[in-house]
Amino acid sequence: MTAPPAARYALLPPELAADTLEQEMLARWEAEDLVAQSLARGDEEFVFFEGPPTANGRPGIHHVFARTIKDLFCRHRAMKGYHVGRKAGWDTHGLPVEIEIEKQLGISGKRDIEALGVETFNKLCRESVWKYKGEWEQLSARIGYWLDYSDPYITYSNDYVESVWWALATLYDTKMLVRGHKILPYCPRCETTLSSHEVAQGYQDVEDPSVYLALDLTTPDGAPTGARILVWTTTPWTLVSNVALAVHPTMPYVELARLGRKESTVILAEPRVRAVLGEDFEDRWEVVRNWTGAELAMLRYRRPLDWLPYPAGANHEVIVVEDFVSGDDGTGVVHMAPAFGADDYQAGKRHNLAFLQPVNGRGEFPDALPVVGGMHVKKADPAITAVLEDRGVLWKAGTLVHSYPHCWRCGTPLLYYARESWFVSTTSFKDRMMARNDRVDWHPPEVGAGRFGEWLENNVDWALSRDRYWGSPLPIWVCDADGAHAVAIGSYAQLAKRTGASLPADFDPHKPYIDAYTFACDHEGCTGTMKRVPEVVDTWFDSGSMPFAQWHYPFENKAMVERRYPADFIAEGVDQTRGWFYSLLAIATGLGSALPRNGDDQAAPYRAVVVNDMVLDAQGAKMSKHIGNVVSPWEVVPRYGADAVRLFLIASSQVWVPRRFDESMIREMAGRFFLTLKNVYSGIFAQYANFGWSPSEADPVPADRPVVDRWMLSRLATVEREIDERLEQYDATAAARALMDFVVDDVSNWYVRLNRARFYDVDTADSRAAFATLHETLVVTTRLLAPFAPFVSDWIHRELTGTSVHLAPFRRSLGTEEESNEVLERAMSRVRVLAKLGRAAREEMEIKVRQPLSRLVCVVPDFTAAALEDLLPLLASELNVKRVEFAESGSALATRVGKANYRSLGKRFGKRTPEAARIVESLANEQLLAFERGDMVTIDVDGATYPLLPEDVTIVRHASGSLLVREENGLFAALDPTITPELRREGMARELVSKIQQMRKAARFAVSDRVRLDLSGGPELAAVVEEYESYIAGEVLANEVTLAGDLAETADAVQTIVLDAGSVRIALTRVN
RNA sequence: GGGCCAGUAGCUCAGGUGGUUAGAGCGCACGCCUGAUAAGCGUGAGGUCCGAGGUUCAACUCCUCGCUGGCCCA
């Protein structure tokens, strides 16, 4: 072989850092505008929705995870010929943005914001959401997440807000956007509601009253039953608003009478009797009747305080059944004040209970109320307790220490208040949301059926409005003369029309500007002015509107939405279950036919969802800034390369289980794979192809290539199909693993290793076949790899083909000739097992592979010798044996043993299966031989005789005799350990070659240097040299081999080695 | 308190519809190879499949009850 000409295929230097290679690829993509090229391709749509991130926080490693998943499936579908739009978007409204500004300014709460001025505040919010926009874009680009940033949707833009208005007005006009109440945690000092996040920060242990009441039960028409029901509360002040009692539907309740006294009986939940009446209650009480919750619900009761009148038309003083009633505390009977508790409120809706809300914004009772008028509610507890005692309804009073939420700003105990709020009445179309959800292809399914399905099942109306500042304004105008006069404005044109003036060029729909737009009420005879309600909408409504709002639908781009709705695929973290996944579904279901292809017979708005779980730290702990274990993508991506990080995130476990981010695992998993791939490409393919091979007509067609090449191509076709199918099914992890195993195991460790010598030439048909086969294998492999590791796959693919992998087809269309050959693949896997068994046998005998042996005898149950014949030379070479034989039927080497098939026997023998199996396995060689020939064989089990059926037994042939045998799953490999003198000399020749090659290398000879070889040793050496001189000379490039007694003093390298036959001195002299 | 997920070798993970001897990679031990060479390959030792009951001829697998960890909700 001559020195290589100008390199056709660039090598990947092992020391080339992944970061360098990836930066190089990024520059090339940029120069070619490859993203745009990819976006311009494809006819049929594969619709992907990008969930908008908020750019006022830095992107973390978990964002890399989610974005890798999105990118991977989009790349796969794009390579399959679909048009995959990837419009970027930004979520820009909401409380997190406001809080960020509050922190920045060192202010807190609505009063501070009002003092600052809403105009200024919102201006700051608008600017702050872009704080990390650059970093988000850079990171997305760096990790190869292809997204179209040229025209992103921005939720605060006028167009976007107008689409949101359209959706809100559509819901309003169909009575799905309604006014109602919501129970919210409220600080009476700060006069503001708190978000759940704020509430979570403020729990404190406090001592509260613990009050038990005994209330008279009555029949439905008001007659006393003589029994009293026990009720427990820790907030006596809410008794003013009591309207009902709740009991559990299935919990047992008991009615007890005081022993020896004639007074009314008491009723409470059976599990609470000891806790309420005392461990020794049986000394004083006897059970007179058992009740169920349902029976109690037939009765009524008399409320403890009657200061407030009940409104007409609502239920009051009734007993209702509710699942939330617990048997763990209190009496199992819960006092209901719908104005002051979330459960109570919901129950109030369900049972049409009266609603009594006497408390003002500062947490005080109205002056007109007896006893407690003008008092703060918490301060009123003792006075109320005293009144209860006076009225004889107090059973007992004490105190209790428990954890209760307080305002994190001022420490005031929070009150749960009913606040007026705007709702999307999602409960009215809950069934339709569930039906759509059932059509969604969830990955994993349990998130759809479980977490999300359960949540939908317990759906409550979506509290949409927020008493905040930075958000899409709720486009509802209400008349100041009559609150019942209201209108939803669904477009800017409509607003202009109602106000009678066109909107200014710099129109901004946000607060405070929008609140200046008022117009006359058009109700007949009404002279009032329509003013906008003060609220903004939940930011989740913004992001859930993106399917149409990103296109300013229905004002523009109707055709675009027709084509790109609904989504075929979305992917986000599991934390979006109640966030984006829900808001998308709720809005789409509510809008119904206002959107195209959005009937209830659709899964819309998304057909398939891939949900990823969290990224934990290396120890399995949640990453948090507080602990300081947060992994920065900017640290790990340059260190290992985006390819490796991406592949690790996808392949380490299913994406929907939490994964540990352990850098040593990246090295272990992805590092090994990429190293192998690079070695195969650079170390074998490119290095030797550069001596003069490139694809041409001179390459044999696949059918004319050696069987091992045909096997390689068959495996390639199989893996190509498998990975494509996995990705079609959204199983990225299985696809990645299949690909990695293929490259490491089939390509590198089997095909390349066995065929290395074929690459040392570039001209023979055999070599051309090998190059062509490996070339095809690498081309297809890089295509399969492209969605996972877009950088190195593109680098190699460009070298191999001159084109970008990202514009290549993911899957070839194969002729029948090139399809998988299942029989060949199975045969090869048998051969590989036999090779493994043979190596184990050699290991046991301590005969190294260099020492040839005469024969391997094997048994392969499901193949005939003829069927394996083509592959046997591979086996002979791998195990260094002269020939491979099969232990045929009748051969003395074969002994038959029956293996019981429990599945078959179990059906017929039931309990006697173990015995039947034992009998089957004890059948003699001769019986099994006869059975193989078709003779009837019977077995006696438990005194009865049964015919043996073919499916009852697997006949396994053992090789036996003086050979060294290894077995696995019915495959046997037996080595003949005899080393004849001939074999011994051949082994010595190979040993010599090996040592001489090591000397050449140690002496730094070039691979192509010619040498003179002088050997001296005993007579056996002479015999070896005589027999194998040309072999040795050919292997070590010796022009001359001598057996001189005196070694040349001028030799470049001299060494004495010890062989079985004694010591041998070797001298090498370079001669060119 | 409720829902969902996970618990298999030292580590990270595979293990359709129950069925013969529970697998892989890494790590470890021993060895091979020396023209992929700051590479490559093999062999081997490692497991009460979280625990306790149950169903079954047969349970890592199905059922019940627990334990531990995680997420979400109350």
Side-chain angles (χ1 to χ4, degrees), chain A residues 1 11 14-15 196 323-324 326-329 342-343 444 446-447 449-455 457-458 573-575 577-578 613-614 616 618 620-622 648 651-654 656-660 662 664-665 667-669 671-673 675-676 678-688 733-734 737 740-741 744-745 748-750 752-753 756-757 759-760 835-844 846 848-850 878 899-917 920-921 954 956 966-970 994-995 997-998 1000-1002 1006-1008 1035 1037:
Chain A
M1 197 178 275
L11 303 188
E15 66 276 12
S196 58
D323 285 330
F324 64 73
S326 158
D328 295 336
D329 52 23
D343 283 339
E446 60 269 14
V447 172
R451 187 178 287 220
F452 196 50
E454 294 279 338
W455 153 262
E457 184 76 55
N458 299 312
V574 69
D575 53 326
T577 308
R578 286 149 167 82
D613 211 308
M614 318 196 44
L616 308 172
K622 190 173 175 171
F648 162 77
S652 62
S653 64
Q654 289 291 351
W656 44 79
V657 303
R659 88 223 319 76
R660 296 180 183 200
D662 185 344
S664 67
M665 295 301 292
R667 276 192 297 273
E668 180 184 305
M669 172 180 280
R672 176 179 156 79
F673 166 72
L675 184 64
T676 303
K678 289 178 194 173
N679 273 338
V680 170
Y681 167 73
S682 278
I684 300 290
F685 176 79
Q687 182 183 170
Y688 294 114
T733 305
R737 286 176 171 173
M740 292 163 84
D741 287 349
V744 171
D745 195 44
S748 169
N749 190 22
W750 195 245
V752 168
R753 194 167 59 78
R756 263 160 53 169
F759 297 98
Y760 300 157
K836 173 183 155 171
L837 296 172
R839 282 189 297 252
R842 271 190 177 269
E843 191 95 12
E844 188 169 320
E846 296 183 329
K848 44 181 69 168
V849 179
R850 203 148 47 204
E878 178 72 3
K899 283 253 176 191
N901 182 348
Y902 281 77
R903 198 189 284 272
S904 159
L905 293 172
K907 274 188 211 136
R908 281 198 291 151
F909 292 97
K911 279 188 203 299
R912 294 163 320 192
T913 303
E915 194 193 345
V920 166
E921 299 199 338
T954 305
V956 167
R966 283 287 177 136
E967 181 269 341
E968 183 179 294
N969 292 325
S994 164
K995 294 294 186 221
Q997 300 287 34
Q998 286 178 49
R1000 286 182 57 110
K1001 195 174 171 189
V1007 170
S1008 54
E1035 289 293 315
L1037 301 185

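Chain letters run A, B, ... following the sequence lines, proteins first and then strands; every chain starts at 1. Since this is a predicted model, take the numbers as computed values, not measurements.
In this structure, F759(A) and Y688(A) approach most closely via the heavy-atom pair O-CB, 3.1 Å. A686(A) and L11(A) make their closest contact through CB-CD2, 3.4 Å (heavy atoms, listed as atom of the first residue, atom of the second, distance). When every heavy atom of E1035(A) is checked against every heavy atom of Q997(A), the shortest pair comes out as O-NE2, 2.9 Å. Among all heavy-atom pairs drawn from R659(A) and V657(A), the shortest one is NH1-O, 2.9 Å. What you find for F648(A) and R660(A) is that their closest heavy atoms are CZ-O, 3.3 Å. Annotation for T913(A) and G906(A): closest pair OG1-CA, 3.4 Å, computed over non-hydrogen atoms.
Counting to the nearest Å, the P atom of U37(B) and the CD atom of Q687(A) are 6 Å from each other. Atom CE of M740(A) and atom C1' of C13(B) are 12 Å apart (whole Å). Straight-line distance from the CD atom of E878(A) to the P atom of G42(B): 9 Å, rounded to whole Å. Residue D745(A) contributes atom CG, which lies 19 Å from atom P of A14(B) at whole-angstrom precision. For the pair K678(A) NZ and U37(B) P, the computed distance is 14 Å after rounding to whole Å. Per the geometry, CG belonging to L675(A) stands 9 Å off C1' belonging to A36(B), to the nearest Å. Per the geometry, CD1 belonging to I684(A) stands 5 Å off P belonging to A36(B), to the nearest Å. In this structure, R839(A) atom CZ and C41(B) atom P are separated by 11 Å, rounded to whole Å.
Contact of the L1037(A) side chain with the R1000(A) side chain is registered, since non-hydrogen atoms from C-beta on lie closer than 4.5 Å. Under the 4.5 Å side-chain criterion, counting only non-hydrogen atoms from C-beta, S682(A) is not in contact with Q687(A). D613(A) is not listed as a side-chain neighbour of Q654(A), based on a closest heavy-atom distance of 4.5 Å or more.
Using Watson-Crick or G-U wobble geometry with both donor-acceptor distances under 3.5 Å, A9(B) finds no partner in any strand shown. Using the Watson-Crick or G-U wobble rule with both distances under 3.5 Å, C71(B) pairs with G3(B). For C30(B), the paired base is G42(B) (Watson-Crick or G-U wobble, both distances below 3.5 Å). Taking a pair to require two hydrogen-bonding distances under 3.5 Å in either a Watson-Crick or a G-U wobble arrangement, G18(B) remains unpaired. Of the nucleotides present, G51(B) is the one that pairs with C65(B) by Watson-Crick or G-U wobble criteria, both distances under 3.5 Å.
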Per-nucleotide protein contact string for nucleotides 20-34 of chain B (B base, S sugar-phosphate only, - none; heavy atom under 4.0 Å): BB---BS-----SSB

Reading 5' to 3' through nucleotides 67-74 of chain B, protein heavy-atom contacts under 4.0 Å coded B for base, S for sugar-phosphate only, - for none: ----BSS-

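Checking G3(B), A14(B), C41(B) against every side-chain atom of E454(A), the shortest atom distance belongs to G3(B).
At the heavy-atom level, R912(A) lies nowhere under 4.0 Å from the strands shown. If you check every strand for non-hydrogen atoms under 4.0 Å, V752(A) touches a base.
Applying the 4.0 Å criterion to OP1 and OP2 of A36(B), one finds that N749(A) has every side-chain N and O outside that range. Taking only side-chain nitrogens and oxygens, R660(A) comes nearer than 4.0 Å to OP1 or OP2 of U12(B).
Applying the 90° cutoff around 0 to the glycosidic angle, G46(B) is assigned syn.
With C1' as the reference atom, G27(B) and A45(B) are 13 Å apart, rounded to whole Å. Here the separation of C60(B) from A22(B), taken at their C1' atoms, is 8 Å to the nearest Å. Nucleotides G46(B) and C11(B) place their C1' atoms 13 Å apart, quoted to the nearest Å. Nucleotides U55(B) and U43(B) are separated by 43 Å at their C1' atoms, to the nearest Å. The separation of A6(B) from U21(B), taken at their C1' atoms, amounts to 28 Å, rounded to a whole angstrom. Going from the C1' atom of G47(B) to that of G7(B) covers 14 Å, rounded to whole Å. Between the P atoms of C4(B) and C65(B), the separation comes to 12 Å (whole Å). C49(B) sits 12 Å from G10(B) when the P atoms are compared, rounded to a whole Å.
Comment: E843(A) does not engage K848(A) in a salt bridge, judged by the lack of any side-chain N to carboxylate O separation of less than 4.0 angstrom.
No donor-acceptor contact under 3.5 angstrom links the side chains of R753(A) and S748(A), judged on distance only.
The 5' end of RNA chain B is approached more closely, in terms of each residue's nearest nucleotide, by L905(A) than by the other of A840(A) and L905(A). Mapping R903(A) and G910(A) onto RNA chain B by nearest heavy atom places R903(A) closer to the 5' end of the strand.
Below the 3.5 angstrom threshold, one finds a donor paired with an acceptor across the side chain of S748(A) and the base of A36(B).
Within the model, atoms CD1 of I684(A) and CZ of R756(A) stand 6.0 Å from one another, a figure rounded to the nearest 0.5 Å.
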